[in-house]
Amino acid sequence: MIGVSDSAAAVPGPGSGGARRRGKTPGSATAEWSFPADPGAVRTARTVVRRVLDDWGLNGAADMCVLLVSELVTNSLRHASGPIGVRMVLLSSDGLLVEVSDPLPDPPQERDAAPDDEGGRGLQLVACSSRRWGTRRGKSGKTVWFELSVAG
């Protein structure tokens, strides 16, 4: 299911593997990482995302961004094998684009979680907390992305 309020064509393409950081110039500040499909990836992703947001002076967006990245990386670990990519782009429109990619081509499915269910709320959390979000297929998998409003 795609939860997009705007055209996915307006969303930048997926990042490549490895870690890179560029300077904080609106519209061009980018950070990206590739993590092994290992349970430690969730903690590492939270740490590096928080560090970059601190470097960019976006501490106000850190808690929500870290929570959503944690949810999406956890989903990737549960359903896919192979590397998990995380990419962040500071947009010129006071927004932050965050992408989580994995090698599984199937888009995630939103579901209604029962009160006692241990999971099933991650995509609902992304949908309710971001200004827009969606999924797209890539050459070797999929990307789930979201945008947050940020004040620079």
Side-chain angles (χ1 to χ4, degrees), residues 1-53 55-56 58 61-111 113 119-150:
M1 177 174 195
I2 298 178
V4 182
S5 59
D6 294 349
S7 166
V11 178
S16 60
R20 291 188 291 189
R21 267 198 219 171
R22 297 186 189 128
K24 183 186 174 192
T25 302
S28 70
T30 302
E32 57 189 297
W33 306 269
S34 181
F35 302 103
D38 177 279
V42 178
R43 180 186 305 205
T44 305
R46 286 193 302 253
T47 300
V48 297
V49 164
R50 188 173 297 279
R51 187 174 302 137
V52 167
L53 291 173
D55 289 350
W56 289 351
L58 300 175
D63 288 340
M64 183 56 62
C65 187
V66 166
L67 174 64
L68 299 181
V69 166
S70 181
E71 288 291 332
L72 294 178
V73 171
T74 299
N75 283 352
S76 289
L77 283 172
R78 284 189 179 152
H79 302 288
S81 60
I84 299 166
V86 176
R87 179 175 182 248
M88 298 189 332
V89 179
L90 187 59
L91 304 172
S92 59
S93 60
D94 293 331
L96 177 68
L97 170 69
V98 180
E99 302 172 319
V100 177
S101 303
D102 64 49
L104 186 68
D106 302 324
Q109 298 295 314
E110 281 188 271
R111 63 184 179 103
R121 295 172 185 83
L123 289 179
Q124 292 174 353
L125 187 60
V126 171
C128 292
S129 303
S130 60
R131 66 182 183 188
R132 66 185 195 133
W133 75 279
T135 64
R136 70 172 177 278
R137 287 188 179 192
K139 292 178 184 174
S140 61
K142 70 165 172 315
T143 298
V144 179
W145 59 269
F146 64 87
E147 283 186 15
L148 294 175
S149 295
V150 296

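Sequential numbering from 1 along the given sequence is applied to the chain's residues.
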Could you pull out the closest heavy-atom pair between [X] and [Y], with the gap in Å?
{"X": "P103", "Y": "S81", "answer": "CG-O, 2.7 Å"}
{"X": "E99", "Y": "W145", "answer": "CG-CB, 3.8 Å"}
{"X": "V100", "Y": "S76", "answer": "CG1-OG, 3.9 Å"}
{"X": "I84", "Y": "V73", "answer": "CD1-O, 4.1 Å"}
{"X": "L104", "Y": "K142", "answer": "O-CG, 3.1 Å"}
{"X": "F146", "Y": "C65", "answer": "CZ-O, 4.3 Å"}

- Task: Answer whether the closest heavy-atom distance between the side chains of L72 and L123 falls below 4.5 Å.
- Result: yes
- Within-4.5 Å side-chain heavy-atom neighbours: V98 and V49: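 Sidechains of V49 and V98: no contact.
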Could you measure the distance from the [atom1] atom of [X] to the [atom2] atom of [Y]? Nearest 0.5 Å is fine.
{"X": "R132", "Y": "L97", "atom1": "CZ", "atom2": "CG", "answer": "8.0 Å"}
{"X": "L90", "Y": "L58", "atom1": "CG", "atom2": "CG", "answer": "6.0 Å"}
{"X": "W33", "Y": "M88", "atom1": "CH2", "atom2": "CE", "answer": "4.0 Å"}
{"X": "D94", "Y": "E147", "atom1": "CG", "atom2": "CD", "answer": "11.5 Å"}

- Item | Qualifying residues under side chain to side chain contact (heavy atoms under 4.5 Å, CB included), relative to S129, sequence neighbours excluded |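 In terms of side chain to side chain contact (heavy atoms under 4.5 Å, CB included), with neighbours along the sequence ignored, S129 is linked to M64, L68, L125.
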- Message: Show every side chain to side chain donor-acceptor pair (under 3.5 Å) that has at least one partner inside residues 63-75, sequence neighbours left out.
- Response: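 Checked against side chain to side chain donor-acceptor pair (under 3.5 Å) - neighbours excluded - the pairs reaching residues 63-75 are R46-S70, R50-D63.
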- Message: Checking W56 against V150 for the side chain to side chain contact (heavy atoms under 4.5 Å, CB included) test, could you report, in this order, the C-alpha distance in whole Å, the side-chain angles of both residues, the deciding distance, and whether it holds?
- Response: CA-CA 11 Å; W56 289 351; V150 296; over 6 Å; no
